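Below is one structure. I have some questions about it.
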Amino acid sequence: MSKKSWEQGVRLLPSVDETLRDDRVAELLAVYPRSMVVEAVRDSLAGERRRLLDGDPAEEDMDENSCLDLIVLRTTEAVRKRACSNLQPVINATGVVLHTNLGRALLSENARRAVYEIASSYSNLELELTTGRRGSRYAPLEPVLTSLTGAEAALVVNNNAAAVLLALSTLAKEREVVVSRGQLVEIGGSFRIPEVMAQSGARLVEVGATNKTYPDDYRKAINEQTALLLHVHTSNYRIIGFTRETTINELVEIGRAYSLPVMSDLGSGSLLDLSRFGLPGEPTVREVVAAGPDVITFSGDKLLGGPQAGVIAGKRRYIDKMRKHPLLRAIRVDKMTVAALEATLREYLDEELIVEKMPTLQMLAAGSSQLTEKAESLAGLVRGAVENKAEVEVGKGFSVVGGGSFPSAELPTAIVKINSRATSAGDLQSALMRGKPAVMSRVQDGSLILDVRTVRDHELPALAAAIGKVI
Ligand SMILES: *Cc1c(COP(=O)(O)O)cnc(C)c1O
């Protein structure tokens, strides 16, 4: 088919005013802010002009009317895109419970309510209501944290990376920190112990080998420049086989002998013994605190199941120093985090109800009969939505905890396996991701897999409908 020259094409484009006068655009103007619509018209015209200049001239049969139709269509798409929020809810059918890319932990109802209340009104964030004096935003969190962990004092910052940074800057700036080579981990692609340490101004002294570090390796590295002995919980990978790790108890003993503080970066600290859900025995925060390190750090949004935050618990003299460090101001938590974290921690005061209340723990604790039942009901809904266009079966699979927790633990789960007659599993997976609501799924052996462990009951109909739309 022949094409028009680009000049001819550009001449066919309507003006901004002409486009705004179109009835269909008037409908947009009735709903959306004028500035948003005008900007979308301008962008659509500029995009079309660029396309023509780039040598993609209009078809011979294009005329002014079809050009206006095209600009109206582009404008409508652009306005709809602008009007909906970029950050949006996603259905997680991956089975990864603490998925960092999907926002990690889901908050309990009480935590969600607390965020809403505190965000909707003024609060006593930094005011002591009994005296009228200036208060501390950390004050509501400290008593509940010390009571749950057994630590003397506690402080909360934006995330665990910030917690480690503050602790190292306060305790070891321009001095040496001894760490085992086997613990120089990278977490989530952006948190690397050696890099965080460099930022803090502390000097890293690596000891031992990747698979083995003995207490004597630490002792030999200690000199007058040593400020801290650091233990990092290697929560997102595991060295198996011929290994020897110096335990936190041994490190505490060395610290005492040399009068050096010991810090434990726990990463995904759990306040609950998760072995009852079939997860391998990891020490709880309380157990680690009892072993006696001076400083312990862990995340708020991993196994704890709260908002993004970094908890620093430990001996009062060290925590007090961190409270005075100027860096704290730059990494302080906001009121919504304080609200969500306080409410989350309060849930743990009643251990009987904790699993019922915390979505993350609920997902980890879900048993096979419960998951199979959920998979059966999802499969039923999906079959209704796809009619004969796909095979839908319930099967068995494994979920992972995620968030750098329990690297080797695989939780037996129930899955819904979908094979479309017309579309490949990979194409279905990307179409689901781009849909509304967006759905994250897995592909395995050529089938689309939905792991129901991380799908909330109320999401099942929307999930089935989303599949119906892409098949
Ligand atoms: C996850 C993790 C971090 C980083 O925590 P964020 O809360 O994501 O900043 C640091 N150290 C360890 C051992 C971790 O597992």
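Keep in mind it's a predicted model, so treat the numbers as computed, not measured. In listed order, ligands and their atoms are each counted from 1. Computed over heavy atoms, backbone and side chain alike; hydrogens, waters and symmetry mates excluded.
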Discussion item. Within ligand 1, which atoms have a heavy atom of Arg104 less than 4.0 Å away?
Written reply: 6 (P), 7 (O), 8 (O)
Item to complete: Could you tell me whether the side chains of Thr94 and Asn92 share a donor-acceptor contact shorter than 3.5 Å?
Response: yes
Fill in: ligand 1 contacted by Gln308 (non-hydrogen, < 4.0 Å)
no
Discussion item. With heavy-atom distances below 4.0 Å as the criterion, list the atoms of ligand 1 near Ser299.
Written reply: 5 (O), 6 (P), 7 (O)
Side-chain donor/acceptor pairs under 3.5 Å, residues 458-471, sequence neighbours excluded:
residue : atom : partner : partner atom : Å
Glu459  : OE1  : Arg456  : N            : 2.9
Lys469  : NZ   : Lys436  : O            : 3.2

Run the side-chain donor-acceptor check on residues 196-203: report pairs under 3.5 Å with partners two or more places apart or on a different chain.
residue : atom : partner : partner atom : Å
Ser200  : OG   : Met197  : O            : 2.6
Ser200  : OG   : Ala202  : N            : 3.2
Arg203  : NH1  : Glu174  : O            : 3.3
Arg203  : NH2  : Gln225  : OE1          : 3.0

Worksheet, complete the sentence: Nearest heavy atom to atom 2 (C) of ligand 1, choosing from His231, Gln183, Lys302, belongs to Lys302
Worksheet item: Which of the atoms in ligand 1, numbered in the order shown and given with their element, are less than 4.0 Å from a heavy-atom of His233?
Response: 13 (C)
Discussion item. Are any of the N/O atoms on Val232, whether in the backbone or the side chain, positioned under 3.5 angstrom from an N/O atom of ligand 1?
Written reply: no
Worksheet entry | Pair Ser275, Asp273: side-chain N/O donor-acceptor within cut-off below 3.5 Å | yes
Worksheet item: Among side-chain atoms of Glu347 and Ser108, is any donor-acceptor pair under 3.5 angstrom?
Response: yes
